[in-house]
Amino acid sequence: MTHGKIFVTQPHLPPLAEFIPYLEEIWKNKTLTNCGPFHQQLETALCHYLGVKYISLFTNGTIALVTALQALRITSEVITTPYSFVATSHSLLWNGIKPVFVDIEPTTLNMNPARIEAAITTQTTAIMPVHCYGHPCDVEAIQKIADNYNLKVIYDAAHAFGVKNAAGSILCHGDLSVLSFHATKVFNTFEGGAIVCPDAKTKMRIDQLKNFGFVNETTVVAAGINGKMNEFSAALGLLQLKHVDQAMTARKVIDSLYRELLAGIPGVHCLDSAFETESNYAYFPILVGHDFRIGRDALYQLLKDHDIHPRRYFYPLISDFPMYRGMPSARRENLPVATTAALNVLCLPIYPNLEESTVKAIVKLIRGD
Ligand SMILES: *Cc1c(COP(=O)(O)O)cnc(C)c1O
């Protein structure tokens with residue numbers, strides 16, 4: 001095949017020349033971190049772009065998750081999904097909180113709201129769902145349960161940058177939403193993350209927690225962490241923001257092409273593009289059914305043999321990792337839909353400059369002709 005190694009994603013970088021003036025600015029003002037000018041500018045710019053009220057930037061999404069839980073003083077048990085990146089549950093363990101896994105819905109692979117109520121105990125304090133692949137959770141149903149049982153909701157929105165529906169940004173739901181700007185995400189600052197919050201008071205507490213708990217030069221009010229985004233990453237974020245719409249449009253073209261070319265291949269099921277949602281086309285997951293000509297792992301290997309590197313996001317399930325698998329809620333019988341999805345899913349390469357000819361070559365390999 002004529003292409004080089006094709007990975008599931010390729011970090012999106014702006015033209016280097018466009019970044020030089022930002023670097024010159026940093027070298028001139030010598031502010032490298034501690035919520036400097038680029039940090040402040042990026043917070044403002046992201047609020048505008050995403051259509052949210054308040055944002056606090058972080059060094060990465062995982063520290064942002066850990067801090068979000070602390071900001072709301074979440075303890076004891078939190079209901080979450082096993083079908084995610086391991087950082088979702090790890091953020092709970094880092095706070096000494098017990099994750100309680102509930103199963104997902106087969107159409108969206110998001111947490112099934114109908115399973116939440118049965119998992120609530122007297123120890124439950126919050127729900128942590130994930131907008132998997134950027135596909136919005138059933139936010140209304142989740143909020144209703146949270147209101148009934150007086151629970152907080154923290155969304156792991158690491159996949160949901162820029163996702164909107166008719167009501168606006170999907171990041172405005174729940175008590176807090178957490179973003180990741182890791183190199184592999186739709187919008188990246190090399191490493192980075194953010195917490196979207198609804199009011200100034202919450203943002204102030206989060207800003208303190210990400211700076212060791214300092215409220216002023218001499219007062220420390222909490223055992224905060226160092227979670228601040230540095231000026232280099234913040235400056236890059238400002239520049240990335242200028243290119244992100246174009247990147248998402250390019251992803252959309254690839255998404256449509258995959259859907260068109262994969263249609264009708266027996267045993268290959270594309271996840272529905274969310275109805276009435278403005279997606280970010282961050283991932284292109286397919287489910288490989290029993291009626292496909294070979295198994296999912298055989299297809300994964302076949303593509304790898306041709307220098308195509310898809311990813312089995314999410315396999316294994318979080319609940320199958322050693323630090324979780326002994327928990328009662330981690331039993332496979334409790335999670336049949338997630339267990340099946342993890343065995344069938346394959347995320348195909350998608351990124352702005354993925355060539356049409358490569359997409360065609362990938363589909364040809366899948367089709368087997
Ligand atoms: C990427 C990701 C994270 C972690 O974000 P980092 O910025 O890499 O720490 C958390 N949850 C989900 C669902 C992710 O995909």
Side-chain angles (χ1 to χ4, degrees), residues 7-12 42 46 55-70 78-95 97 99 101 104 108-111 126-137 153-163 170-171 173-174 176-196 206 210 225-230 232-234 236-237 240 251 271 279-285 310-319 321 324 338 341-342 345 347 350-351:
F7 293 99
V8 72
T9 189
Q10 201 179 71
H12 188 257
L42 183 59
L46 282 172
I55 231 174
S56 180
L57 294 174
F58 274 79
T59 186
N60 62 58
T62 304
I63 295 288
L65 281 169
V66 169
T67 306
L69 289 158
Q70 293 186 356
V78 170
I79 295 171
T80 189
T81 169
Y83 193 80
S84 179
F85 182 61
V86 72
T88 309
S89 289
H90 276 6
S91 73
L92 298 170
L93 292 197
W94 272 87
N95 281 296
I97 296 166
F101 299 107
I104 57 174
T108 61
L109 308 186
N110 283 330
M111 182 187 277
I127 308 170
M128 184 180 269
V130 179
H131 300 298
C132 196
Y133 310 126
H135 194 126
C137 290
V153 182
I154 298 177
Y155 282 102
D156 180 338
H159 297 178
F161 185 91
V163 175
I170 203 70
L171 305 170
H173 296 275
L176 297 172
S177 290
V178 177
L179 291 163
S180 165
F181 307 147
H182 183 259
T184 54
K185 306 300 205 266
V186 163
F187 170 84
N188 86 76
T189 59
F190 284 18
E191 291 266 9
I195 303 180
V196 175
I206 291 167
K210 77 175 178 191
I225 200 157
N226 181 2
K228 307 179 300 290
M229 178 181 278
N230 68 67
F232 182 93
S233 289
L236 180 65
Q240 294 281 46
R251 285 171 174 277
L271 254 68
S279 176
N280 59 16
Y281 308 95
Y283 298 87
F284 196 86
R311 290 296 297 267
R312 289 167 291 183
Y313 290 143
F314 289 101
Y315 166 86
L317 292 178
I318 298 177
S319 46
F321 289 118
Y324 301 104
V345 75
C347 282
I350 186 165
Y351 47 86

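Read the numbers this way: they start at 1 and go in the same order the structure lists the ligands and their atoms. This is a predicted model, so every value here is computed, not measured.
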Just say parallel, tilted or perpendicular for the rings of [X] and [Y], cut-offs at 30° and 60°.
{"X": "Tyr283", "Y": "Tyr313", "result": "perpendicular"}
{"X": "Tyr133", "Y": "Phe314", "result": "parallel"}
{"X": "His131", "Y": "Tyr155", "result": "parallel"}

For residues Pro82 and Tyr324, determine if any side-chain heavy atom of one lies less than 4.5 Å from a side-chain heavy atom of the other.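 In short, these two side chains do not touch, never coming nearer than 4.5 Å.
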Check: Phe101 and Leu317 side chains under 4.5 Å, non-hydrogen atoms: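 The answer is no; the side chains never approach within 4.5 Å.
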With a 4.0 angstrom cut-off on heavy atoms, strictly below it, pick out the residues next to ligand 1 and order them by chain and number.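 Residues near ligand 1: Asn60, Gly61, Thr62, Ser84, Phe85, Ala87, Thr88, Asp156, Ala158, His159, Ser180, His182, Lys185, Gly192.
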Quick one: does Ser56's side chain have a donor or acceptor within less than 3.5 Å of a partner on Ile195's backbone?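 Pair absent, no side-chain N/O of Ser56 close to backbone of Ile195.
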